Protein chains: 2
Amino acid sequence: MQDLNRTDKVRMTQQRRVILEALRRDNIHPTADAIYEMVRRRLPRISLGTVYRNLEILTALGEIQTLEMSGSQKRYDGIAQKHYHIRCVHCGRVDDAPIAPLNRLEDELYGATVYTIMGHHLEFVGLCPECSQNEEAQRFAERHLSMPSESP
Amino acid sequence: MQDLNRTDKVRMTQQRRVILEALRRDNIHPTADAIYEMVRRRLPRISLGTVYRNLEILTALGEIQTLEMSGSQKRYDGIAQKHYHIRCVHCGRVDDAPIAPLNRLEDELYGATVYTIMGHHLEFVGLCPECSQNEEAQRFAERHLSMPSESP
DNA sequence: ATAACTGCAAAGGCTTTGCATGGAT
DNA sequence: ATCCATGCAAAGCCTTTGCAGTTAT
């Protein structure tokens, strides 16, 4: 991870602008390589490393947010405001979850934990409309769902 | 990921037993390589691949659970029952969060999303007691906390 | 004999980084 | 001249996998 000093000056380069525009244009929460493919249509010589570096800088600037989903790949969101997401366990698609932030969630933990609580991450999982109609995806989801055991 | 067929017979080997015992002994939610180091004291010839394979099998059997935290590495929990966790943003330590499962969380989404909702992942973040007293960790945490912007 | 399991090493997937070059102030 | 940014390729980190050999049934 690059050492982004808060005194660093930042320039709005072509690459940075095009990446930001790609993220702002639609709300598909793309992975870094998906952004790379989108941006490459306009800047064919851009490198994947540049994409990663700019995604990190744009996140540090508060222009976008980096989603560390429970899946493997990170995803990026052109909307910096805090909001929750829902992820398809089968195809990985990510959408915004239409639910307001739970600002009081941490209250229950005060006094009950030795940690200094800073916040929480919440993500919903399910099947997107396409995968909901796919039998193989449904079997996959059932296996996924069955464990760990539910609490009583 | 190995193709774990539900008709596969499973044997309780030395390796598997020792891994399970290491996870059950304490509740430190170790990473795979931490488990490897613990288990290696008793079985010096075990391989990291065997550890990973057994962690997957034990998870499929419902004996343990695999935690896909928002950080990079997976962690493993000897308690299979569903419960939440809190993670130190500085050192990565993970503890159980003393809060009951929120079983009604999904209700708000019914009708509001095109997804078939299956569940949610919730994780708290903060500073563990040790890192709470470490100035460098606190600065790190502040930078972490400042974005993305809070919703109004 | 068969099927499950292991150790080892290699490969894989995603992300970060070193370095020489290029561009803006 | 300075400092930020880029392209490229290599390295890094964590995890999975192929394979030949081993062990339990």
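So that the names make sense, note that chain A is the first sequence line, chain B the second, and so on, each numbered from 1. These numbers were taken from a predicted model, which means no experiment stands behind them.
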Answer with base, sugar-phosphate or nothing: what part of the nucleic acid does A:Glu56 contact at a heavy-atom distance below 4.0 Å?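 Here A:Glu56 touches no strand at all.
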I'd like to know whether B:Val10 forms a side chain to side chain contact (heavy atoms under 4.5 Å, CB included) with B:Arg16, so could you lay out the CA-CA distance, the side-chain angles of the two residues, the decisive distance to 0.1 Å, and finally the verdict. CA-CA 10 Å; B:Val10 160; B:Arg16 193 161 297 157; 3.1 Å; yes
Going by side-chain contact (heavy atoms from CB on, under 4.5 Å), name the residues that satisfy it together with [X], two or more places apart in sequence or in a different chain.
{"X": "A:Thr66", "value": "A:Thr59, A:Lys74, A:Tyr76"}
{"X": "A:Thr116", "value": "B:Leu127, B:Ser132"}
{"X": "A:Ala112", "value": "B:Pro98"}
{"X": "A:Glu37", "value": "A:Arg40"}

In whole angstroms, how far is the [atom2] atom of [N] from the [atom1] atom of [X]?
{"X": "A:Tyr36", "N": "C:dC14", "atom1": "OH", "atom2": "P", "result": "14 Å"}
{"X": "B:Gln15", "N": "D:dT23", "atom1": "CD", "atom2": "C1'", "result": "10 Å"}
{"X": "A:Arg40", "N": "D:dT6", "atom1": "CZ", "atom2": "P", "result": "16 Å"}
{"X": "B:Arg45", "N": "D:dG21", "atom1": "CZ", "atom2": "P", "result": "15 Å"}
{"X": "A:Arg53", "N": "D:dC4", "atom1": "CZ", "atom2": "C1'", "result": "11 Å"}
{"X": "B:Leu61", "N": "C:dA4", "atom1": "CG", "atom2": "P", "result": "13 Å"}
{"X": "B:Arg17", "N": "C:dT6", "atom1": "CZ", "atom2": "P", "result": "12 Å"}
{"X": "A:Ile46", "N": "D:dA5", "atom1": "CD1", "atom2": "P", "result": "13 Å"}

Holding to ring pair (Phe, Tyr, Trp, His ring centres under 6.0 Å), I want the full list of residues that pass it with A:His121, two or more places apart in sequence or in another chain.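 For A:His121, no residue satisfies ring pair (Phe, Tyr, Trp, His ring centres under 6.0 Å) once neighbours in sequence are set aside.
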Starting from A:Val114, walk the hydrophobic network (Ile, Leu, Val, Met, Phe, Trp, Tyr; side-chain heavy atoms closer than 4.5 Å) and list everyone else you reach, by chain and number.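 Via sub-4.5 Å side-chain contacts, A:Val114 links to A:Tyr84, A:Ile86, A:Ile99, A:Leu102, A:Leu105, A:Leu109, A:Tyr110, A:Tyr115, A:Ile117, A:Leu122, A:Phe124, B:Tyr84, B:Ile86, B:Ile99, B:Leu102, B:Leu105, B:Leu109, B:Tyr110, B:Val114, B:Tyr115, B:Ile117, B:Leu122, B:Phe124.
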Nearest-nucleotide pick for [X], side chain only, options being [options]:
{"X": "B:Leu48", "options": "D:dT6, D:dT15, C:dT6", "answer": "D:dT15"}
{"X": "B:Thr13", "options": "C:dT6, C:dG7, D:dG7", "answer": "C:dT6"}
{"X": "A:Ile57", "options": "C:dT6, D:dA5, C:dT17", "answer": "D:dA5"}
{"X": "B:Lys9", "options": "C:dT6, C:dA4, C:dG7", "answer": "C:dA4"}

When you measure from the side-chain N and O atoms of [X] to the phosphate of [N], is any distance below 4.0 Å, counting only OP1 and OP2?
{"X": "A:Thr50", "N": "D:dG7", "answer": "yes"}
{"X": "B:Ser47", "N": "C:dG7", "answer": "yes"}
{"X": "B:Gln14", "N": "C:dC5", "answer": "no"}
{"X": "A:Arg16", "N": "D:dT6", "answer": "yes"}

Each nucleotide N or O in nucleotides 20-25 of chain C that has a protein N or O under 3.5 Å away: list the pair and distance.
| from | atom 1 | to | atom 2 | distance (Å) |
| --- | --- | --- | --- | --- |
| C:dG23 | N2 | A:Arg11 | NH1 | 3.3 |

Hey, is the main chain of B:Gly92 close enough, under 3.5 Å, to the side chain of B:Arg75 for a donor-acceptor pair?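 Such a contact is found between B:Arg75 side chain and B:Gly92 backbone.
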Are the side chain of B:Arg87 and the backbone N or O of B:Gly126 linked by a donor-acceptor pair below 3.5 Å?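 Looks like no, no N/O pair under 3.5 Å.
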Could you list all N or O pairs between the protein and nucleotides 9-14 of chain D that sit under 3.5 Å apart?
| from | atom 1 | to | atom 2 | distance (Å) |
| --- | --- | --- | --- | --- |
| D:dC14 | OP1 | B:Gln73 | NE2 | 2.9 |

Can you list every ring pair (Phe, Tyr, Trp, His ring centres under 6.0 Å) pair that touches residues 18-37 of chain A, not counting sequence neighbours?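 Checked against ring pair (Phe, Tyr, Trp, His ring centres under 6.0 Å) - neighbours excluded - the pairs reaching residues 18-37 of chain A are A:His29-A:His85.
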